[in-house]
**Student:** 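The structure that follows is given in the form of structure tokens.
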Amino acid sequence: MASVSSQPQFRYTQPPSKVLHLRNLPWECTEEELIELGKPFGKVVNTKCNVGANRNQAFIEFADLNQAIAMISYYASSSEPAQVRGKTVYLQYSNRQEIVNNKTSADVAGNVLLVTIEGADARLVSIDVLHLVFSAFGFVHKITTFEKTAGFQALVQFSDSETASAAKNALDGRSIPRYLLPEHLGPCTLRITFSAHTDLSVKFQSHRSRDYTNPYLPVASSAIDGSGQFSMGFDGRKVEPESNVLLASIENMQYAVTLDVLHMVFSAFGPIQKIAMFDKNGGVQALIQYPDVQTAVVAKEALEGHCIYDGGFCKLHISYSRHTDLSIKVNNDRSRDYTSPVLSSQPSVLGQQPVPIPGPSTHQFEGAQYAPPSDQQVMHQPSAGWATSAAAAGAPPPPPQSMPMQQHNHPYMPPGTMPPQSVPGMMPMQTQTGLPQSAAMPPYSH
DNA sequence: AGCACA
């Protein structure tokens with residue numbers, strides 16, 4: 001055989017290629033900087049940066065071989081070396097003829113996130129919890145879950161890559177808050193990359209996949225209950241037809257729950273159109289109307305079983321109403337139409353709207369929220385809202401209305417990054433109530 | 001300062 005030296009001994013005699021190999025680049029050199037460097041010599045059609053163990057190498061590919069030759073020739077005889085950010089960059093022809101795979105799918109932003117849930121109990125995280133977590137950033141279209149060698153993973157589909165990016169930036173590396181998980185679960189950390197998928201295929205609503213854009217998608221046959229109208233949920237609960245109107249019943253109502261309290265609690269998830277309260281079976285119930293089903297679904301999932309006040313008081317039980325549009329005849333202390341300027345301009349029985357209620361304020365969900373370590377102590381504090389009655393059972397009962405469920409800030413949402421469409425009506429609540437921020441008792445502090 | 005990775 002003739003000696004075909006595929007591995008040339010002398011790399012400085014590399015034959016020309018339209019791909020150039022760059023080294024000694026500054027840390028985290030960007031594609032833009034590489035293009036700037038090559039642009040005077042021709043058209044840069046592809047780049048790859050952060051190559052090598054030190055991530056200080058890169059490749060740039062020209063449209064034409066002559067352009068690459070021009071760049072090498074120029075710097076071979078130039079008194080000024082090629083530089084990026086003032087750092088000398090060494091150039092040579094690459095031993096390859098084209099850049100392959102410039103970007104991995106994990107680098108290019110898409111509307112679908114690949115979420116790996118880490119932790120011993122990762123696979124016990126329900127799809128509903130994931131939905132709740134990711135819904136903070138926008139409407140979640142679909143979720144599929146699966147187990148691979150990488151562990152328990154989920155694909156979460158948003159409308160667009162901007163929303164997905166916001167969720168990724170906020171949640172990557174963070175842990176799901178303990179209070180969203182069954183008590184015995186260990187920490188569950190989210191690792192998030194972009195998926196190459198753009199539209200997930202969900203055939204059934206099942207314990208491993210959901211399509212929130214299609215509430216009428218058939219439930220997986222394995223989960224169907226014979227009773228007809230209601231099919232069994234994936235976790236054994238009954239599934240009702242979703243509705244934009246929620247029926248909330250209040251259990252253990254030690255303290256008065258006013259219409260305004262309900263408004264504050266439920267408006268965390270979106271604008272409220274109407275509320276009607278009434279007595280039934282010796283307890284108080286309320287119908288809460290949102291403009292759309294999705295908002296109601298998120299509110300129901302977030303609030304079901306939680307207590308408005310710490311200590312297990314005023315526990316909410318929420319189901320979907322068969323109503324779609326409530327008929328509010330008059331605004332009073334039991335019913336209100338927030339969409340009607342005529343009605344709402346009438347003097348309220350309460351004489352104030354809404355009732356300012358002191359309570360924990362907005363810092364609960366900032367940064368530390370998702371910090372993986374040491375949130376065990378959270379459950380031992382008399383925490384603001386979201387405590388399940390069981391979790392809060394040991395806490396001393398607060399005075400009435402001292403601890404309304406926090407509703408000013410949405411879970412998981414770093415302040416300032418909130419997409420306005422995700423929880424409309426939430427920000428105004430902060431100003432309406434005028435709560436002093438300093439009154440906050442962030443249960444997640446430290 | 002010396003050639004990448006799904």
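In what follows, every chain begins at residue 1, and chains take the letters A, B, ... in the order their sequences are listed.
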**Student:** Going by heavy atoms in the side chains, are I192(A) and F134(A) under 4.5 Å from each other?
**Tutor:** yes
**Student:** Which of the following nucleotides, dC3(B), dA1(B), dA4(B), is nearest to the side chain of R23(A)?
**Tutor:** dA1(B)
**Student:** Assuming nearest nucleotide by heavy-atom distance, tell me which of N56(A) and G52(A) is located more 5' along DNA chain B.
**Tutor:** N56(A)
**Student:** Using atom CZ of F59(A) as one end and atom P of dC5(B) as the other, report the distance to the nearest whole Å.
**Tutor:** 9 Å
**Student:** Given atom OH of Y93(A) and atom P of dC3(B), what is their separation to the nearest angstrom?
**Tutor:** 18 Å
**Student:** Provide, to the nearest angstrom, the distance between the CD atom belonging to Q97(A) and the P atom belonging to dC3(B).
**Tutor:** 17 Å
**Student:** Y290(A) versus I272(A): any side-chain heavy-atom pair under 4.5 Å?
**Tutor:** yes
**Student:** Whole angstrom is fine here: how far is it from CG in N50(A) over to C1' in dA4(B)?
**Tutor:** 11 Å
**Student:** So if I take every side-chain heavy atom of R96(A) and compare against dA1(B), dC3(B), dA4(B), which nucleotide ends up nearest?
**Tutor:** dA4(B)
**Student:** Provide, to the nearest angstrom, the distance between the NZ atom belonging to K148(A) and the C1' atom belonging to dA6(B).
**Tutor:** 13 Å
**Student:** Let me see the working for D199(A) and K142(A) under side-chain contact (heavy atoms from CB on, under 4.5 Å), right down to the final yes or no.
**Tutor:** CA-CA 8 Å; D199(A) 191 20; K142(A) 301 174 185 178; 3.0 Å; yes
**Student:** Nearest to the side chain of N24(A), which nucleotide is it out of dC3(B), dA4(B), dA1(B)?
**Tutor:** dA1(B)
**Student:** To the nearest angstrom, how far is L114(A) atom CG from dA6(B) atom P?
**Tutor:** 13 Å
**Student:** Can L180(A) and L132(A) be said to form a side-chain contact (heavy atoms from CB on, under 4.5 Å), step by step?
**Tutor:** CA-CA 9 Å; L180(A) 287 180; L132(A) 182 57; 3.6 Å; yes
**Student:** Atom NZ of K48(A) to atom C1' of dA4(B): distance rounded to whole Å?
**Tutor:** 5 Å
**Student:** What is the distance, rounded to the nearest whole Å, between atom CD of Q57(A) and atom C1' of dA4(B)?
**Tutor:** 9 Å
